[in-house]
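Worksheet for the structure shown next.
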Amino acid sequence: MKTIACILLSLFLFGCGTYITKEEFAPNMYKDHPLTIVVLPPMNKSTSAEAKEYYSTTIAEPLTQSGYYVYPLEIVNDILKQEGLYDTETMLAVPPQKFREFFGADAVLYLTILEWNTSYMITSGSVTVKVAYELKSTHTGDIIWFYDDAVSINTSGDSGNMGGWAGLLAKVITTAIKTAATDYVPIARQANEKILLAIPFGKYHKQYNTDMKVRVEKKKALQPVEGKSQKGPS
Amino acid sequence: MNKTLLILSIAFLGFIGCQPPSTLFYWGGYSSTLYNYKMNPSDTTLSVHKTTLLDIMKKAPVKKMLVPPGVYAEYGYILLKEGNEAEGMEYLVKEEQAFPESVVFIQRIKDEYSRGKK
């Protein structure tokens, strides 16, 4: 039954976008076999100043569940400072190979927060988080995987069964409270989990090296993937 | 109309059925206590985060899950920063034993620590 449901699901998904296998999408992941990943502080292209701090605390957990060794955030930050790397822009100029020297990392994960928005329109509200990932090998310097996705949560109030003006007023109030109180952390976590469904699993995952045929939605790279090694994202 | 609904429900069931639960590593309340510490760095928020790290090490085996990468290292690192060298080093060794791929990283922490002492 489960198999049939899964087949039906994939047929259903086929209708929505272009789907290719993980191996077709990220062939170098299966050649490079990265195990240890250093996650750099995210680049923030959203309008929220706090997005960076919020976001970086949510990444280690889902990335390790996908089977990778991830270095703890606080120690990484300290080591980067010891290397004179304080801001993300400076780090982008560093060749990926350097991070193997600093940490022993096989790959570097570059994150870009594209959207971090609360939209609030009296009786309806929503919180949107959109993130792009780019993984580079510290052996070749090449991009070996990338993905992006967005998660939106509706924070509209529920007025229960009250009708008329009283109902509308209740709805306005609950929407305001819910939108303000909605914590970004669980939403960021959902975005991570959604994106990481598309990463080839790492050594600690049960499906390591057996997930090549799993289909993922084909994404466009933020920059050409076929490029030669030394190019950093601009 | 009914057909669309049927396809959607099947897809939903499929979605639930296809996703294995992530039960590899036990993380407890890690991201929220780390987040609180980063937003309001203080002795209190740090000690709450330390409690989380200890809690992970204690509960992971009970839940038949593994202690995640970096947890021993992070705890040991905090102890070193607090001047508790002996215990701090023990946890760094634990990280290396659990995850041999962390050897370069752990050596780096040890080197920085002894450089800082001079």
Side-chain angles (χ1 to χ4, degrees), chain A residues 1-13 15 35-38 50 53-79 82 100-106 183-186 188-189 193 196-197 201 203-207 214, chain B residues 6-28 30-39 41 46 49 53 65-78 80-81 95 98-109 111-112 115-116:
Chain A
M1 182 56 207
K2 204 184 257 184
T3 323
I4 297 169
C6 287
I7 292 168
L8 280 170
L9 170 71
S10 34
L11 285 173
F12 177 74
L13 288 176
L35 170 57
T36 51
I37 298 180
V38 59
E50 293 164 314
E53 296 296 324
Y54 278 106
Y55 200 81
S56 47
T57 57
T58 66
I59 177 69
E61 189 169 339
L63 200 51
T64 57
Q65 302 293 16
S66 297
Y68 293 96
Y69 183 93
V70 181
Y71 301 97
L73 176 73
E74 290 294 284
I75 312 180
V76 168
N77 286 343
D78 285 353
I79 293 179
Q82 286 152 12
R100 189 145 51 101
E101 263 173 51
F102 302 160
F103 300 95
D106 296 322
D183 194 351
Y184 277 106
V185 171
R189 206 178 288 171
E193 280 166 9
L196 287 169
L197 285 176
F201 291 120
K203 192 187 148 190
Y204 291 110
H205 197 281
K206 268 186 284 182
Q207 291 177 53
V214 173
Chain B
L6 181 71
I7 293 174
L8 276 173
S9 354
I10 291 171
F12 182 64
L13 285 173
F15 188 67
I16 292 174
C18 293
Q19 276 200 312
S22 6
T23 50
L24 188 52
F25 298 111
Y26 176 70
W27 278 96
Y30 181 88
S31 57
S32 60
T33 57
L34 176 62
Y35 167 76
N36 287 337
Y37 170 62
K38 277 184 77 77
M39 293 312 265
L46 181 61
H49 188 56
L53 295 173
M65 290 189 233
L66 299 170
V67 174
V71 166
Y72 293 123
E74 189 171 342
Y75 190 71
Y77 187 71
I78 296 171
L80 285 185
K81 276 190 156 178
E95 179 80 23
F99 304 99
E101 65 272 24
S102 69
V103 60
V104 175
F105 175 62
I106 297 301
Q107 191 55 48
R108 165 100 200 208
I109 299 172
D111 290 350
E112 289 294 340
R115 204 172 306 159

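Note on naming: letters A, B, ... go to the chains in the order of the sequence lines (proteins, then strands), and numbering restarts at 1 for each one. Quick note: numbers below take in every heavy atom, side chains included, and nothing from hydrogens, waters or symmetry partners.
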Nearest-0.5 Å distance that lies between atom CG in A:Leu73 and atom NZ in B:Lys38: 4.5 Å

A:Thr64 portion near chain B, given a 4.5 angstrom heavy-atom threshold: both

A:Ser66 versus chain B, the contacting section by heavy-atom distance below 4.5 Å: neither

Heavy-atom pair of closest approach, residues A:Gln65 and B:Leu24: OE1-CB, 3.3 Å

Contact origin within B:Glu101 toward chain A - heavy atom pairs under 4.5 Å: both

Residue part contacting chain B, namely of A:Ala105, when any heavy atom lies under 4.5 Å: neither

Pairwise side-chain contact, B:Arg108 with A:Phe103, heavy-atom cut-off 4.5 Å (strictly under): no

Structural part of B:Gln107 lying under 4.5 Å from a heavy atom of chain A: neither

From A:Thr57 atom OG1 to B:Tyr37 atom OH, the distance as rounded to the nearest 0.5 Å: 13.5 Å

Rounded distance [0.5 Å steps], NZ in B:Lys81 versus CG in A:Asp78: 4.0 Å

Heavy-atom contact with chain B under 4.5 Å, split by part of A:Tyr68: backbone

Any B:Leu34 side-chain heavy atom under 4.5 Å of A:Glu74 side chain: yes

Chain A contact via B:Ile109 - which portion, at a heavy-atom distance below 4.5 Å: side chain

Nearest heavy atoms of B:Gly70 and A:Pro72, plus distance in Å: O-CG, 3.6 Å

Student check: side-chain heavy atoms of B:Pro68 and A:Tyr204 closer than 4.5 Å: no

Student check: side-chain heavy atoms of A:Ile79 and B:Phe105 closer than 4.5 Å: yes

Contact summary for A:Tyr69 and B:Pro69, nearest pair of heavy atoms: CD1-CB, 3.4 Å

Top contributor to chain A contacts, counting heavy-atom pairs under 4.5 Å, from B:Glu95, B:Glu112, B:Glu74: B:Glu112

